[in-house]
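In listed order, ligands and their atoms are each counted from 1. Every heavy atom of this structure was used, including side-chain atoms; hydrogens, water molecules and symmetry mates were not.
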Amino acid sequence: MDRANIVIIGGGVVGCAVARAVSRRWSDVFLVEQTPRLGMGASTRNSGVIHSGIYYPPGTLKARHCVAGNRLMYEFCVAHHVPHRNCGKLVVAHDARQIAELERLAENGRANGVTGLRIVDRAAVHAREPHIDAAAALEVPSTGIISAEDLIKTLARLSTDQGASVLTRTRVVRLEPGADSIAVTFAEGEAAEGAERGEETIEARCVINCAGLYADEIAALLGNRDHRIYPVRGQYCELARSKSHLINNLVYPLPHADGLSLGVHLTRTLWDTVLVGPTADYVAAKNDYERNRLPVEEFVRRAKSMLPEIEAADLQLAYSGIRAKLVPPGHAGIADFVIERDANVPRAIQLIGIESPGLTSSLAIAEQVFSLAAEILM
Ligand SMILES: Cc1cc2nc3c(=O)[nH]c(=O)nc-3n(C[C@H](O)[C@H](O)[C@H](O)COP(=O)(O)OP(=O)(O)OC[C@H]3O[C@@H](n4cnc5c(N)ncnc54)[C@H](O)[C@@H]3O)c2cc1C
């Protein structure tokens with residue numbers, strides 16, 4: 001049977017960042033992805049925003065990894081020529097109550113170590129975003145945008161240059177812990193393909209679960225049923241090219257009070273398109289990207305208070321993505337990332353509930369995972 005030091009399950013941005021970090025130090029690293037290409041899950045179905053870290057409760061992994069990840073991401077993008085733009089963003093308020101909420105958000109951000117935050121008035125908003133209606137806004141200079149696809153390709157290339165093996169169309173179907181390794185059994189292709197498949201097993205000294213929406217199911221293969229992922233779909237619309245001048249950078253409303261999402265925002269992408277979204281609704285299936293799409297009028301309703309000129313005729317439906325939420329429907333609050341060695345199978349590292357800001361945090365998460373892997377492989 002083949003042997004590996006590390007098997008990473010899941011080739012999204014987190015798995016790729018982890019592969020790059022651990023393959024610097026260890027040989028025989030395998031990154032295993034069930035789909036034909038890397039990054040086809042949440043990692044390329046998102047807003048592509050490099051978040052600042054203002055939203056998350058101080059001291060949480062989300063807050064720490066987002067703030068550290070933001071800095072690491074800009075350094076990485078510059079060093080490896082990954083397309084990005086440090087454009088900053090505005091979180092807008094319409095009345096005195098909302099301005100007080102902006103103040104609270106700014107305080108939270110400062111407590112997390114986010115710098116450069118300031119509340120600006122209507123005239124300053126108008127100077128930056130002439131078509132946006134707001135009484136005031138929180139200016140967040142460290143926010144930016146990135147090409148997630150290029151980031152993933154670069155991380156994968158660096159990993160393979162360092163000797164890691166990347167296997168696509170390869171699905172982990174069984175994990176069997178032994179005395180000094182875990183037997184990882186793969187099958188070719190995705191579950192949905194359903195065809196007869198050959199299976200292969202590798203004995204791994206360390207297994208890292210970066211399976212995104214399916215991370216709870218991978219944990220369950222090792223008997224860990226502590227966490228359940230509830231899929232929450234976010235849908236996007238795109239503004240017609242003729243209207244993309246309406247938005248210069250990134251404009252956000254205040255986040256949902258229940259912690260479900262950051263609210264439908266306006267994102268000018270690196271390709272000079274403008275995205276409106278994402279929405280946030282629990283769905284039954286983890287692959288339900290397209291059923292019952294919202295009408296464009298719903299996006300107009302949510303964005304109109306920020307962008308009064310927006311009309312349904314200016315919008316067309318775009319892609320959707322699915323968040324790996326740990327908070328069940330009907331409950332409020334922000335669940336933290338789970339990143340830890342499995343309590344019963346300490347050779348396994350579990351990463352569960354890596355929803356937003358997972359893209360921003362990916363390089364910082366990879367550093368934490370590197371330290372956990374070092375404990376196992378020392
Ligand atoms: C709508 C939306 C907007 C977002 N916006 C932002 C944003 O602007 N900024 C930000 O920082 N974050 C954002 N996020 C969060 C970010 O996209 C995720 O946190 C991040 O992509 C998670 O990466 P991942 O590698 O953990 O998951 P994924 O990208 O989902 O990768 C997991 C991979 O594991 C594979 N896999 C699963 N099971 C198996 C198996 N058994 N065998 C082999 N492979 C398997 C899957 O096929 C998948 O490719 C957003 C998310 C959504 C949904």
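Backbone and side-chain nitrogen or oxygen atoms of L359 are examined, and one is located within less than 3.5 angstrom of a nitrogen or oxygen of ligand 1. Checked by distance only, ligand 1 and T35 stay at 3.5 Å or farther apart across all their nitrogen or oxygen atoms. The shortest N or O to N or O distance between P278 and ligand 1 is not under 3.5 Å. Residue Q34 has at least one N or O atom closer than 3.5 Å to an N or O atom of ligand 1. The shortest N or O to N or O distance between T360 and ligand 1 is below 3.5 Å. Every N/O-N/O distance between Y214 and ligand 1 stays at or above 3.5 Å. Of the polar atoms of V14, at least one N or O is found under 3.5 Å from an N or O of ligand 1, judged by distance alone. Residue I218 has no N or O atom closer than 3.5 Å to an N or O atom of ligand 1.
Residue A215 does not touch ligand 1, judged by heavy-atom distances below 4.0 Å. Contact annotation for E355 and ligand 1: only backbone heavy atoms (N, CA, C, O) come within less than 4.0 Å of the ligand. Heavy atoms of V13 found under 4.0 angstrom from ligand 1 belong to the backbone as well as the side chain. Contacts of H51 with ligand 1, taken as heavy-atom pairs under 4.0 Å, involve the side chain alone. When heavy-atom distances to ligand 1 are checked against a 4.0 Å cut-off, I322 comes that close only through its backbone atoms N, CA, C and O.
Cluster membership for L61 and I365, using ILVMFWY side-chain heavy atoms within less than 4.5 angstrom, is shared.
Remark: K325 fails to qualify as a cation-pi partner of Y282 under the 6.0 Å distance and 45° angle criteria applied to the six-membered ring.
Considering L167, I145, V49 only, the shortest heavy-atom separation from atom 8 (O) of ligand 1 involves V49. When the heavy atoms of I365, N209, V172 are ranked by distance to atom 41 (N) of ligand 1, first place goes to V172.
Taking a 4.0 Å cut-off on heavy atoms, T170 registers as neighbouring ligand 1. Judged by the shortest distance from any of its heavy atoms, R171 lies inside the 4.0 Å radius around the atoms of ligand 1. Ligand 1 is approached by Y236 to a heavy-atom distance shorter than 4.0 Å.
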For this session: I would like to know whether V29 and S159 meet side chain to side chain contact (heavy atoms under 4.5 Å, CB included); could you show each step before the answer?
Result: CA-CA 9 Å; V29 171; S159 306; over 6 Å; no
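Closest to atom 34 (O) of ligand 1, if we only count protein heavy atoms, is G10 CA, 3.1 Å. Of the protein's heavy atoms, A42 N, 3.2 Å lies nearest to atom 30 (O) of ligand 1. Given atom 14 (N) of ligand 1, the protein heavy atom at minimum distance is S356 CB, 3.7 Å. For atom 33 (C) of ligand 1, the closest heavy atom belonging to the protein is E33 OE1, 3.5 Å. In this structure, the protein non-hydrogen atom closest to atom 31 (O) of ligand 1 is G12 CA, 3.4 Å. Counting only heavy atoms of the protein, atom 17 (O) of ligand 1 lies nearest to N46 ND2, 3.0 Å.
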